[in-house]
Amino acid sequence: MLNIHGRSFTNRLILGTGKYKDFATMKACYEASGTEMVTLAVRRFDLNAKGEENILNWIPKSLALLPNTAGCYTTEDALRVARLAREALQTDWIKLEVIGDPKSLYPDNEETLKAAQILVKEGFIVLPYVIADPILTKKLADAGCAAVMPLGSAIGSGLGVQNPMTLMLVKEVLEPYGLPMIVDAGVGTASDATLAMELGADAVLLNTAVAEAADPVKMAAAMDHAVKAGRLAFEAGRMAKRLYASASSPLAGVVGK
């Protein structure tokens, strides 16, 4: 089970809501993936739209909704959107994003920490999206965040996990706090999600890899299997790496010797 702030999930794959060709495809991907949580960019959708034009009418009520502050570039802006999300969606959960650069879309770690500290004091359940950094991770955990979401590589890049050693350090920092590490951004295909889980991620959040796949529904199903396989491999513990070959069969008692 994936546990975040006292809430349990059987599926460790979290999906987004953007870039799908239509809401029907988005919903079909949720069903194919088995996801139990989706993240919603509050600033990018009209939550007052009517009928089928309202994205909320396409997200199954059984799914946990994680609003996010995507598109915010300052602490003040992120705080405003988080408070709006709580009012509009009646939830204290927030995926905190404070972007520092419009080209790379890398998060501003300093502003994110500042916003996280304020939101936690206001009673929010904060899941911050940050550049992988074990020092920042400790500060966010000390601030009372419910999880930390380090990127694997740039948002929407599909480059996969580019920082495996750093992610392992982030995981190590979070373990004494009992907080999950959710790898967010950069996943391009199923093997990327598997690697993130094998490194110790407790969950993977992705969007573009499914939404922009040639067959989004099939990719959503593939991501479900990938995350499960990666988690099983992490729990099993991989074999040690060796410089030289090691025979699969024992040499003792070989016929003819």
Would you say [atom1] of [X] has more than 12 non-hydrogen atoms from neighbouring residues, nucleotides or ligands within 6.0 angstrom?
X: Gln162; atom1: CD; result: yes
X: Glu76; atom1: CD; result: yes
X: Glu87; atom1: CD; result: no
X: Glu31; atom1: CD; result: yes
X: Lys218; atom1: NZ; result: no

Please find the pair of heavy atoms, one from [X] and one from [Y], that lie closest to each other, and give the distance.
X: Ile4; Y: Pro180; result: CG1-CG, 4.1 Å
X: Asp192; Y: Gly186; result: OD2-O, 4.4 Å
X: Met223; Y: Ala209; result: CE-CB, 3.6 Å
X: Ile99; Y: Leu105; result: CD1-O, 3.5 Å
X: Asn68; Y: Val81; result: O-CG1, 4.1 Å
X: Cys29; Y: Ala220; result: O-CB, 3.5 Å

Has the side chain of [X] got a donor or acceptor atom that lies under 3.5 Å from a matching backbone atom of [Y]?
X: Arg12; Y: Met1; value: yes
X: Glu212; Y: Lys19; value: no
X: Asn207; Y: Thr17; value: yes
X: Thr189; Y: Ser191; value: no
X: Thr69; Y: Glu97; value: yes
X: Thr39; Y: Leu66; value: yes

Got a second to check how far [X]'s [atom1] is from [Y]'s [atom2], nearest 0.5 Å?
X: Met37; Y: Lys95; atom1: CE; atom2: NZ; result: 11.5 Å
X: Leu13; Y: Leu205; atom1: CG; atom2: CG; result: 8.0 Å
X: Met168; Y: Glu198; atom1: CE; atom2: CD; result: 11.0 Å
X: Tyr106; Y: Ser153; atom1: OH; atom2: OG; result: 7.0 Å

Practice task
Tell me, please, which residues at least two apart from Asn11 pass side-chain hydrogen bond (donor to acceptor under 3.5 Å, both in side chains).
Solution key: Asp224
Do [X] and [Y] come within less than 4.5 Å of each other through their side chains, counting heavy atoms only?
X: Leu65; Y: Thr91; result: no
X: Asn57; Y: Asn54; result: yes
X: Leu96; Y: Phe124; result: no
X: Thr208; Y: Ile155; result: no
X: Phe9; Y: Asn3; result: no
X: Ile59; Y: Val38; result: yes
X: Val227; Y: Thr194; result: no
X: Ser8; Y: Thr10; result: no

Practice task
I would like to know whether Val204 and Ile14 meet side-chain contact (heavy atoms from CB on, under 4.5 Å); could you show each step before the answer?
Solution key: CA-CA 6 Å; Val204 171; Ile14 304 170; over 6 Å; no
Quick one: do the [X] and [Y] side chains pair a donor with an acceptor below 3.5 Å?
X: Thr75; Y: Lys114; result: no
X: Asp101; Y: Tyr73; result: no
X: Glu111; Y: Thr74; result: no
X: Thr25; Y: Asp22; result: yes

Problem - Option passing side chain to side chain contact (heavy atoms under 4.5 Å, CB included) with Lys171 (candidates Asp202, Val183, Thr137, Thr166) - result: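 In the set Asp202, Val183, Thr137, Thr166, the residue that makes a side chain to side chain contact (heavy atoms under 4.5 Å, CB included) with Lys171 is Asp202.
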Are [X] and [Y] connected, step by step, through hydrophobic side chains (Ile, Leu, Val, Met, Phe, Trp, Tyr) whose heavy atoms are closer than 4.5 Å?
X: Tyr30; Y: Leu56; value: yes
X: Leu2; Y: Ile125; value: yes
X: Met197; Y: Leu15; value: yes
X: Leu167; Y: Val130; value: yes
X: Val98; Y: Val120; value: yes

Exercise for the section: For Ala28, enumerate each residue passing the side-chain contact (heavy atoms from CB on, under 4.5 Å) test, keeping only those at least two apart in sequence or located in another chain. Expected result: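 Scan of Ala28 (side-chain contact (heavy atoms from CB on, under 4.5 Å), adjacent residues dropped) gives Val217.
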Exercise for the section: Report the C-alpha separation of Ile94 and Leu127 in whole Å, then their side-chain angles, then the decisive distance to 0.1 Å, and conclude whether the side-chain contact (heavy atoms from CB on, under 4.5 Å) test is met. Expected result: CA-CA 6 Å; Ile94 193 76; Leu127 288 75; over 6 Å; no
Side chains of residues 143-151: which donor-acceptor pairs under 3.5 Å do they make with residues two or more places apart or in other chains?
none

Practice task
Apply side-chain contact (heavy atoms from CB on, under 4.5 Å) to Asn109 and Leu113, showing your working.
Solution key: CA-CA 6 Å; Asn109 282 355; Leu113 175 60; over 6 Å; no
Exercise for the section: Go through the structure and list residues passing salt bridge (charged side-chain N to carboxylate O under 4.0 Å, His left out) with Arg80, not counting sequence neighbours. Expected result: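 By the salt bridge (charged side-chain N to carboxylate O under 4.0 Å, His left out) rule, Arg80 matches Asp77.
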Below 3.5 Å, can you tabulate the donor-acceptor pairs from side chains in residues 231-245 to any protein atom, sequence neighbours excluded?
{"unit_1": "Arg231", "atom_1": "NE", "unit_2": "Glu235", "atom_2": "OE2", "d": "3.1"}

Handout entry: Plane angle bin for Phe23 and Trp58 - parallel if under 30°, tilted between 30 and 60°, otherwise perpendicular
Key = tilted
Exercise for the section: Carefully, step by step, assess Lys138 and Leu174 under the rule side-chain contact (heavy atoms from CB on, under 4.5 Å). Expected result: CA-CA 7 Å; Lys138 186 176 188 310; Leu174 289 173; over 6 Å; no
Problem - All pairs passing salt bridge (Lys or Arg N to Asp or Glu O under 4.0 Å) where residues 115-137 contributes a residue, at least two apart - result: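 Counting only pairs at least two positions apart or across chains, the salt bridge (Lys or Arg N to Asp or Glu O under 4.0 Å) contacts touching residues 115-137 are Arg83-Glu122.
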